[in-house]
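Everything on this sheet refers to the single structure shown next.
Keep in mind that the numbers below use all heavy atoms, side chains included, and drop hydrogens, waters and symmetry copies. In what follows, every chain begins at residue 1, and chains take the letters A, B, ... in the order their sequences are listed.
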Amino acid sequence: METEPALNVLVVEDSPYDAKIIQELFRDIKNGASFNLAFAETLQKGAAAAREAPRDVVLLDLNLPDSYGPETLGRAEALFPDLPVIVMTGFYEEHLGLDLIKKGAQDYLVKGKITGDWLAYSIKYSVERARIERKLRQREEHLEDILEKSPDGVMVARKDGRVLFANHAAELIFARKREDLLKHPLPLEADPDKTLETELRRLDGRKIPLEVRAVETVWDSEPCRLLLLRDLTPVRALQRNRDEFISMISHELRSPLSVVKESMDLVLDGSVGEVNDRQKEILRIGIENSARLNRLIDALLDITKIEAGVMPMDIAKADLGLLVEETVRDYSRLAGERSVRLAKDLPKSPLFSYCDTEKVREVLINLVSNALKFSPRDGTVTVSLRPWEGEALFCVEDQGPGIEPDDIPKLFSKFAQVGRRRPPGVKGTGLGLAICKGIVELHGGRVWVESQPGAGSKFFVLLPVLPFEAALKALVRREIELALARSYKFCVIDVNFAGRALPGAPRAAELCARAEAFLKSDMRNAHALLKREEGDFTLVISNSDPREGCRACTFIEKGLGDIAGLGQGAASGLTRLLSFPADFKDEETFIRRLASAREA
Amino acid sequence: MALVLLAEDDAQRLLLGGTRLEAAGFEVVAVQTGAAALAAARARRPDLAALDLALSDMPPGDLIAGLRAIPGPGRFPIIALTSLDAFELHRKSLSSEIAEFLPQPCGTQALLELATKLTGKARP
């Protein structure tokens, strides 16, 4: 039989009589186990004894000179943190038993009722149980440590959104204490089937780009979701560096390319000597290709600006139906050359929205010219517009070869000319659809495609129909995000030229047009221009403090004053300046401040 | 024949711009630095100056002030070759002396058109 090592028992007992009885009980133990006993009369002496030599278990009397009653257990646990404690009670304390177990005692024995064997079993089981508990606790601590130190947020939430668990990273992502997170429903959408990229709007106003993955789980026998959250801010920062790099490269490319084109132009038009027809033909190939390269660089710059959030915007009230009509008209000749019918389908009543007309036109042109490229001879391309749940739904439909289902998700990515077999001779930049998507999303809209191989394609664009204030609010929100991300200031200038300078003026329409032309050329590098109505503008100037904002106001007032023939004094009231973050911290405050500034 | 002072620090662009203007009948003094531009303008007053605003040896404000300090009848127009807009030049206190802007990079055809417009002189 295997002999077990002797167990070291520390008896904390102040009564010499009881101590003697215990000693005798141990002497009676017959089943081969051996125990080494040590005695202490007080908790403090017990603690000292435990420090002196390793102990396996503590037998504890609750009533000691330095501690009396049930509290003794708690004190003992603090003094012997890793040791199992068996409480010895008198008859009169027997009722405490269950309570003592709940509070962490491994067992309780009533003095005078115990036998030696009973005591031996109790001690052995207690030691073993304590060992298992210690292991479990260690494992739990490890798991907790992993969860707490994980840079990814981990949360468990019920189906109704109630949060049941959140780790430290989740606290950091939400900028909220755990207790707070557990009190509120989860402010996130999560789909158990896919990885979502979303933006978390924090209470402190910051927007956190977030990757959310969810799996079904069961927590306390309730179906729940386990969510893994990754803060994408560092990833985005890398992207920004990359964007700046691309932007720099683009400029570096554009400059020599313009020299190439210019050189060939000069030779082609005979400025530096006679050129024969053969030479001209060759030069034209060079010029054509440099133009193509230039288009590619332009597209690259556009997509970079869109992705970096710095695309300048020029927003005005647009008749969306008219936009469709103009696009169809502009492309009907090309369609005719390809023997394709270009049809339009417009709503009965016109649809207006504040948007960047030229950019939306670019989207339509892109979709229509794509549709024409892929249309078979005698096919039809239909461009339609209709109201759709308060928004405007454009659709460009062709009868081309359609798109493989696998290619559809890649279609709107950069350089993804995967969608369809290109007809010979068709050379795109590979950025057209990515730019379309970017432009539509800049307007808070959505773009998608429905297609089946052999059954044509339908490209949809859903644009929100925005009144002026909503468009302005969206723009200011975008600018605030940009300013926060790059920690700079910006200014918004309200220019009510028509209202403040021209009431009842003759030629008001012409003067307003000249004012618009002035703002668009002389302030062409401003970040955004919104036209509320003729002669009424709002201008966003990125990266400028209030002082520079004031200079801009003076500059604009001078320019507009000249146009309207006003003296300096009369022109001085034409603009109102609001500066971020001095005058407003969010778009709601901005709208209120602007309204009161306009009333003043 | 109108005399154009063309200042541009890139030698190839300078050659192309000068060639375009000369082919259209302008006389061109082509220089690559601000100092050379001032020297040329002092030696012979131009009818028009087309200036790259990013010359390496001299801030554009100094160059323009230097040109304006040259005595002579009236003020010859200045075209700015720049990627800035009018307001940004105003921020740099440059706008008042500049007649027209040519956003960079631009074709020499645009330069020719502006030069023709500002001097009122086409091919003789």
Next on the checklist: How about CZ on A:Arg547, more than 12 heavy atoms from neighbouring residues, nucleotides or ligands closer than 6.0 Å, or not?
Outcome noted: no
Item to check | Sequence-distant partners of A:Ser290, side-chain hydrogen bond (donor to acceptor under 3.5 Å, both in side chains), two or more places apart | outcome: none
Checklist outcome for this item: With chain A, the option among B:Thr19, B:Asp10, B:Leu15, B:Thr108 that has the most non-hydrogen atom pairs under 4.5 Å is B:Thr108
Exercise answer: donor-acceptor pairs, residues 73-82 of chain B side-chain atoms, under 3.5 Å, sequence neighbours excluded:
residue, atom, partner, partner atom, Å
B:Arg75, NH2, B:Glu97, OE1, 2.6
B:Arg75, NH2, B:Glu97, OE2, 3.2
B:Thr82, OG1, B:Leu84, N, 2.9

Checklist entry - Side chain of B:Arg13, backbone of A:Ser255: donor and acceptor closer than 3.5 Å? => result yes
Item to check | Sequence neighbours excluded, every pair satisfying salt bridge (Lys or Arg N to Asp or Glu O under 4.0 Å) that has a member inside residues 526-535 of chain A | outcome: A:Glu516-A:Lys531, A:Lys531-A:Glu534, A:Arg532-A:Asp536
Checklist entry - More than 12 foreign heavy atoms under 6.0 Å from CD of B:Gln12: is that the case here? => result no
Item to check | Step-by-step side-chain contact (heavy atoms from CB on, under 4.5 Å) determination, B:Arg20 to A:Glu262 | outcome: CA-CA 9 Å; B:Arg20 169 72 70 199; A:Glu262 205 56 50; 3.9 Å; yes
Item to check | Proximal to chain B - members of residues 267-280 of chain A, heavy-atom separation under 4.5 Å | outcome: A:Asp269, A:Ser271, A:Val272
